[in-house]
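Structure first, then comments.
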Amino acid sequence: MSDGSSFYITTPIFYVNDVPHIGHAYTEVAADVLARWHRQAGDDTWFLTGTDEHGQKILRTATANGMSPKEWADKLVAESWQPLLNTIDISNDDFIRTTDERHEVNVQLFLQRLYDAGYIYTGEYEGYYCVGCEEYKQLSDLEDGTGQYEGQLVCKIHSKPVELLKERNYFFRMSDFTQPLLDLYESRPDFVQPESVRNEIVQFVKRGLTDLSISRQTFDWGIKVPWDETHVVYVWFDALLNYATAAGYGYDQEKFDRLWPATHIVGKDIARFHAVIWPAMLMAAGLEVPKQVYGHGWLLVGGEKMSKSKLTGIAPEQITDTFGSDAFRYYFMRAINFGQDGSFSWEDLSARYQAELANGFGNLASRVIAMVTRYHGGTVPPAVESALTEADLAIRATERRATKAADEAIERLAVHEAIARVWELVDELNGYITLQEPWVLAKDPSKADRLATVLNTAVHGLGTLTVLLSPVLPEATAKLWTALTGTGTVQDQPIRAAWEWTGGARVEPLEALFPRIEVDAS
Ligand code: ME8
């Protein structure tokens, strides 16, 4: 059995019907920052992402593009979804595709086990199906269409007409798990977070769960039901299992025991699948439920949930080509309170880039390196410990305080708060340099000791910042670590003791970390 000590973190597996936009990239970056933090803390970390390739939505898109669904998925994965990970510097340990053999075979194994245990039966279902959501909808999830869809019922999420389906399918006895799930939410209040999502889920389950249709017979792009090959497995049932099949379920018990259970980072749109259906499936199979399901907020563009189908989609490269991947990562993690919705705007991105990254952190880094070079020939002097002032001690105290506060925020998945706490050190160091005026001290040979202490304090604080910001700004901090002639790589530095970093006695020249961006006003 798992001892729960590993940190196994996942993103949703994304549909390959379309290319990625910044909403997908947002989830990737959040999970990546958490994974990098834990890895750097020395925790046994495993970060999984991947793609969801079965179901009607993919089948229809592929057909419309004159390709088989597998050809289409291969193309999108190779040309768009894998490259996304490079574009925004994602450090995933694994990438699962639901067309992988390790997945397909073990979904069948899981399903057979549920069947043998009596959790699956044949039944009939009639209802409205949204292909965009790949889900049967209640009337409360629908609204009257407008414009080209006038007179039809449309899904509130996709604004596209739903289809009335009547099918004879296999059903999962999900209703059996109404009470066990309520007990779970009650005994583990952190199981679903944030609070707003938790409340919604609890209310939903309190109304009582119905059984879930888990197979389809009208098309064949999916995993075959093992005891009845005329059916394919419902795409969500198939997709949710990726978290288990990627972790060794069914073929590598040791790995599964080590990794499972996972922390799932998802958008709140799909929190219900993860916090209701998925734990019910796991309970039925006698497996542990996830450690946590975190449903983050939506990126809004022009006040609406950003989406390709509503033509508000922005490709991540549109941002990274100009601002770089570090700025992308920083901006979304800092500007939006993780868990809440947040609006994206180019103006806000440019303003934060300039004020916080270029003038705040970047400028601090270049000033410190330049001062050591100019006033001390590039060698970092030791501080005169017997003559430390309150200002010097305050910086040292902030290094420790920021580290602890940030780590504590990461434990709560409050990424924005972790960055804000680290940024207190950026601001304090900038203030310290302004007040200590090393450029004045450098002119007076009798102040050489004081200059040494100030330079040492500034370099030390900057090194601590480099260690702490490495999960968010991997590129900039790697350059800075080289300039500080730090030992090993910055990712090797134990992040929970960031202030204990060690570096060489010299500094090397540093290029501008966040160069000025000429905004094309045309
Ligand atoms: O739902 N703001 O895949 P999907 C924030 N395949 N996040 C957003 C977003 C926005 N505007 N738009 C998308 C699926 N996302 C299933 C998942 S998991 C077993 C199967 C992110 O391609 C967010 O993480 O539609 C959301 O939950 C996910 O993309 C939906 O991706």
Side-chain angles (χ1 to χ4, degrees), residues 8-35 46-55 57-58 73 76-77 80-82 84-85 88 90-100 103 107 130-135 157-158 191-194 197 200-201 233-247 259-279 281-282 289-299 305-309 313 316 332 336 338-339 341 413 415:
Y8 174 29
I9 186 163
T10 69
T11 68
I13 49 169
F14 300 107
Y15 287 127
V16 292
N17 64 309
D18 211 338
V19 295
H21 58 57
I22 58 174
H24 306 115
Y26 177 65
T27 316
E28 288 283 2
V29 170
D32 187 61
V33 169
L34 294 166
W46 193 256
F47 173 21
L48 173 72
T49 188
T51 44
D52 190 354
E53 306 185 5
H54 291 129
K57 173 146 95 172
I58 313 297
L76 268 275
V77 169
S80 302
W81 289 93
Q82 292 269 18
L84 167 72
L85 306 176
I88 49 173
I90 299 300
S91 67
N92 58 307
D93 296 290
D94 195 0
F95 187 97
I96 188 160
R97 301 180 52 180
T98 52
T99 49
D100 287 351
H103 178 72
V107 166
C130 169
V131 176
C133 295
E134 291 281 16
E135 186 185 19
I157 295 178
H158 288 89
F191 176 72
V192 192
Q193 283 293 314
V197 175
E200 198 188 304
I201 300 279
V233 179
Y234 170 47
V235 63
W236 268 102
F237 202 87
D238 157 355
L240 287 162
L241 277 163
N242 89 85
Y243 305 125
T245 59
L259 296 182
W260 193 253
T263 298
H264 299 307
I265 306 293
V266 300
K268 64 182 177 182
D269 50 334
I270 57 172
R272 211 190 271 180
F273 293 96
H274 287 78
V276 180
I277 301 179
W278 179 223
M281 288 164 63
L282 290 161
V289 298
K291 211 177 263 177
Q292 191 172 53
V293 174
Y294 193 95
H296 67 63
W298 282 344
L299 289 190
K305 175 177 181 238
M306 195 207 49
S307 84
K308 272 273 148 69
S309 58
F332 286 106
I336 298 169
F338 197 56
D341 292 350
L413 310 189
V415 183

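When reading the values below, keep in mind they use all heavy atoms of this one structure, side chains included, and skip hydrogens, waters and symmetry mates.
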Under the rule for side-chain hydrogen bond (donor to acceptor under 3.5 Å, both in side chains), what residues qualify as partners of [X], not counting sequence neighbours?
X      : value
Ser80  : none
Trp278 : His264
Tyr243 : His274

Sub-4.5 Å side-chain heavy-atom contact between [X] and [Y]:
X      : Y      : answer
Thr263 : Pro290 : no
His296 : Val197 : no
Ile265 : Leu34  : yes
Thr11  : Asn92  : no
Val77  : Phe95  : yes
Lys291 : Trp260 : no
Leu299 : Ile336 : yes
Thr27  : Val266 : no

Whether Lys305 and Asp341 form a salt bridge (side-chain N of Lys/Arg under 4.0 Å from carboxylate O of Asp/Glu) is what I want to check.
no

Donor-acceptor contact present, side-chain Asp93 to main-chain Phe47, <3.5 Å
yes

Restricting to non-hydrogen atoms, name the atom on [X] and the atom on [Y] that form the minimum distance, rounded to 0.1 Å.
X      : Y      : answer
Val107 : Thr245 : N-CG2, 4.2 Å
Gly295 : Pro194 : O-CD, 3.2 Å
Phe191 : Ala275 : CE2-O, 4.1 Å
Tyr15  : Cys133 : OH-O, 3.9 Å
Pro279 : Val289 : CB-CG1, 3.9 Å
Pro12  : Thr49  : O-OG1, 4.2 Å

Interatomic spacing from [atom1] in [X] to [atom2] in [Y] - rounded to 0.5 Å:
X      : Y      : atom1 : atom2 : answer
His158 : Asp269 : NE2   : CG    : 8.5 Å
Leu413 : Gln193 : CG    : CD    : 8.5 Å
Asp238 : Tyr234 : CG    : OH    : 11.0 Å
Ile157 : Ile270 : CD1   : CD1   : 10.5 Å
Ile88  : Ile22  : CD1   : CD1   : 11.0 Å
Asp94  : Trp46  : CG    : CH2   : 5.5 Å

Checking Trp81 now: which residues fulfil ring pair (Phe, Tyr, Trp, His ring centres under 6.0 Å) with it, not counting sequence neighbours?
Phe14, His24

Taking ring pair (Phe, Tyr, Trp, His ring centres under 6.0 Å) as the test, write out the residues that go with Phe273, two or more places apart.
Trp236

Give every residue pair that meets the salt bridge (charged side-chain N to carboxylate O under 4.0 Å, His left out) criterion with at least one member in residues 21-32, sequence neighbours excluded.
Asp32-Arg36, Asp32-Arg329

Taking salt bridge (charged side-chain N to carboxylate O under 4.0 Å, His left out) as the test, write out the residues that go with [X], two or more places apart.
X      : result
Asp52  : none
Lys57  : none
Glu135 : Lys137
Arg272 : none

Restricting to side-chain contact (heavy atoms from CB on, under 4.5 Å), what partner residues turn up for Ala30, sequence neighbours left out?
Met333, Phe338

Only counting residues at least two apart or in another chain, list the ones meeting side-chain contact (heavy atoms from CB on, under 4.5 Å) with Ala73.
Val16, Glu53, Arg97

If we count only N and O atoms by modelled type, under 3.5 Å, do the side chains of His54 and Thr99 hold a donor and an acceptor together?
no

